Amino acid sequence: MSPPLTSILHSGYQHPVTRSWQNQGRNLTKSMFMYPLFITDDADAAVELQSMPGQRRWGVNKLEAFLAPLVAKGLSSVILFGVPLKTPKDARGTLADDPTGPVIEAIKLLRRVFPSLYIATDVCLCEYTDHGHCGILHDDGTINNSPSIARLAEVAVNYAKAGAHCVAPSDMMDGRVGAIKQGLVDAGLGGKVTLMAYSAKFSSGLYGPFRDAVDSAPSFGDRRCYQLPPSARGLARRAIVRDVNEGADIIMVKPTLPYLDILSEARDLAPDHPLACYQVSGEFAMIHAGARAGVYELRRMAEETAQSMVRAGATLILSYFTPEFLDWLDEPA
Ligand code: PBG
Ligand code: ZN
């Protein structure tokens with residue numbers, strides 16, 4: 001028995017060319033990928049990270065040689081994370097915007113050496129505080145929100161003054177988007193620097209490899225009082241709307257795979273903003289682990305996950321697979 005005429009779908013994707021038309025006009029492109037880089041304070045470091053295959057902690061002196069081939073292949077943007085390991089940390093994260101620290105030095109170097117490369121900087125305090133939390137604390141260990149957002153705004157403005165094109169607060173303090181935007185305006189940089197807000201950032205089990213990489217695990221407690229509960233669809237929606245209203249230029253959802261529904265909601269809540277998502281360290285490690293165990297082929301699964309993000313509405317993907325995608329997007333699968 002043949003199906004009704006309008007039930008025939010195969011005819012629309014029986015050929016590679018027709019398959020390429022079934023993407024709602026949203027192909028993966030190289031410029032969709034932003035590459036996260038860990039910059040440490042040992043200028044000559046190139047330390048492999050055990051839990052993140054192929055990723056390293058880089059010293060400033062190694063960046064040009066590492067990135068030149070990637071830029072030549074079409075790398076268009078990076079996001080920098082500072083990893084100070086030599087200098088003692090303090091309660092307010094003084095090292096975050098140390099003028100001789102790894103992030104500020106890397107911004108200046110990359111601006112000079114790769115004039116076309118777009119430089120984003122993660123803005124948070126957890127890599128720089130002695131307690132490992134993302135803000136400034138009260139004596140009882142809870143977040144002291146007002147000084148936290150003042151300090152985050154100061155750090156963001158200092159990255160922007162050093163030449164960052166984009167500042168991206170990942171701390172999840174209340175009101176930090178507005179505080180940073182106001183800080184940029186006051187510094188005369190209001191229209192010159194992009195503010196990408198980690199808006200719907202969930203308290204996830206998938207950040208483990210990153211916290212090892214940047215040495216930012218909290219020394220006590222956890223981040224559940226500021227990162228969103230995984231069940232909290234309503235809070236995610238409110239945070240997205242809030243950050244749009246506080247002046248964010250780009251909205252982000254993080255992690256990606258367990259939160260594709262939120263990504264899709266963000267597309268509807270902020271239809272006129274670029275939408276970013278962060279395929280985090282644990283997702284990257286998980287895809288590698290599955291491939292190593294023979295569950296699937298690495299490239300196929302990396303591409304399938306990236307497609308899911310674009311399908312859900314992402315226009316920008318922060319991913320540790322970025323170097324691979326610069327090759328894969330040149331070679332038909
Ligand atoms: C810290 C920060 C985290 C990530 C980016 N910025 C981790 C955390 O909140 O503990 C996660 C990135 C990743 O896992 O790849 N503010
Ligand atoms: Zn943090």
Side-chain angles (χ1 to χ4, degrees), residues 33-39 49-57 78-84 89 91-93 95-97 103 120-137 143-145 148-149 151-152 155-156 159 166-174 176-177 180 196-230 239 250 252-259 276-289 302 305 309 316-322:
F33 287 90
M34 179 179 275
Y35 188 34
L37 286 175
F38 303 118
I39 321 286
L49 299 169
Q50 286 315 315
S51 50
M52 299 179 70
Q55 310 306 306
R56 292 172 190 252
R57 274 199 299 257
V78 293
I79 179 164
L80 309 181
F81 294 87
V83 192
K89 302 178 180 183
R92 64 185 285 282
L95 293 179
D97 52 354
V103 175
T121 48
D122 185 84
V123 176
C124 200
L125 300 183
C126 57
E127 300 105 303
Y128 311 101
T129 49
D130 49 11
H131 47 68
H133 280 283
C134 300
I136 290 171
L137 304 179
I143 291 287
N144 192 351
N145 199 77
S148 296
I149 64 176
R151 175 73 186 124
L152 288 156
V155 171
Y159 292 163
C166 173
V167 291
S170 64
D171 54 284
M172 293 299 282
M173 300 300 119
D174 282 332
R176 91 278 203 210
V177 171
I180 291 172
M196 175 164 72
Y198 289 71
S199 298
K201 173 173 175 179
F202 289 86
S203 174
S204 173
L206 290 163
Y207 303 146
F210 173 93
R211 290 181 190 174
D212 290 344
V214 307
D215 185 33
S216 73
S219 61
F220 64 89
D222 54 45
R223 305 206 210 286
R224 284 173 221 235
C225 293
Y226 43 102
Q227 299 182 350
L228 303 178
I250 303 176
M252 195 201 298
V253 173
K254 170 185 173 192
T256 57
L257 276 202
Y259 300 97
C277 63
Y278 197 146
Q279 183 175 46
V280 301
S281 57
E283 297 182 80
F284 175 75
M286 193 159 76
I287 292 170
H288 270 281
T305 56
M309 298 165 211
L316 172 58
I317 301 172
L318 284 69
S319 174
Y320 303 100
F321 284 116
T322 297

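Computation of the quantities below employed the complete heavy-atom set of this structure, encompassing side-chain atoms and omitting hydrogens, waters and symmetry-equivalent molecules. Remember, it's a predicted structure, so these values are computed and weren't measured experimentally. Remember, it's 1-based here, ligands and their atoms both numbered in the order they're listed.
Ranking protein heavy atoms by distance to atom 14 (O) of ligand 1, first place goes to Ser281 OG, 2.7 Å. Considering only non-hydrogen protein atoms, atom 12 (C) of ligand 1 sits nearest to Phe210 CD1, 3.3 Å. If you check which protein heavy atom lies closest to atom 16 (N) of ligand 1, you get Ser170 OG, 2.9 Å.
Ring geometry for His133 against Tyr226 counts as perpendicular: the plane angle is over 60°, on a 0 to 90° scale with 30° as the lower cut. The aromatic rings of His288 and Phe284 sit perpendicular, their planes meeting at an angle over 60°, well past the 30° parallel limit. Note: Phe81 and Tyr278 have tilted aromatic rings, judged against thresholds of 30 and 60 degrees for the angle between ring planes.
Below 3.5 Å of separation, one finds an N or O of Gln227 facing an N or O of ligand 1. Looking at ligand 1, you won't find any N or O of Glu127 less than 3.5 Å from one of its N or O atoms. On a distance-only criterion, Ser216 and ligand 1 share no N/O pair closer than 3.5 Å. Backbone and side-chain nitrogen or oxygen atoms of Tyr207 are examined, and none is located within less than 3.5 angstrom of a nitrogen or oxygen of ligand 1.
To the nearest 0.5 angstrom, Tyr259 atom OH is 9.0 Å from Leu228 atom CG. To the nearest 0.5 Å, atom OG of residue Ser148 and atom CD1 of residue Ile143 are 5.0 Å apart. Note that CE of Met173 is 13.5 Å distant from CZ of Arg151, once rounded to the nearest 0.5 Å. One distance of note links CG of Leu37 with OG1 of Thr121; it measures 12.0 Å at 0.5 Å rounding.
Under a 4.0 Å criterion applied to the non-hydrogen atoms of Cys124, ligand 1 contributes the atoms 16 (N). Near Tyr278, the atoms of ligand 1 lying under 4.0 angstrom from a non-hydrogen atom of the residue are 12 (C), 15 (O). Which parts of ligand 1 touch Lys201 is read off a 4.0 Å heavy-atom cut-off, strictly below it: atoms 1 (C), 2 (C), 3 (C), 6 (N), 8 (C), 9 (O), 16 (N). Close approach of ligand 1 to Cys126 (heavy-atom distance below 4.0 Å) involves ligand atoms 1 (C), 16 (N). For ligand 1, the atoms sitting less than 4.0 Å from at least one non-hydrogen atom of Phe81 are 5 (C), 6 (N), numbered in the order shown with element in parentheses.
Here Cys124 reaches the Zn ion (ligand 2): one of its N/O/S atoms is less than 2.8 Å from the metal.
In summary, the side chains of Glu283 and Thr256 do present a donor paired with an acceptor at a separation below 3.5 Å, with no hydrogens or angles considered.
One option in Arg211, Glu283, Lys254 has a heavy atom closer to atom 4 (C) of ligand 1 than any other, and that option is Lys254.
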*Check the pair Arg57, Asp215 against salt bridge (Lys or Arg N to Asp or Glu O under 4.0 Å), reporting the backbone distance first and the verdict last.*
CA-CA 11 Å; Arg57 274 199 299 257; Asp215 185 33; over 6 Å; no
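Angle SG(Cys126) to the Zn ion (ligand 2) to SG(Cys134), rounded to 10°: 110°.
Counting only distance, with no hydrogens or angles, the side chain of Ser204 and the backbone of Phe202 share no donor-acceptor pair below 3.5 Å.
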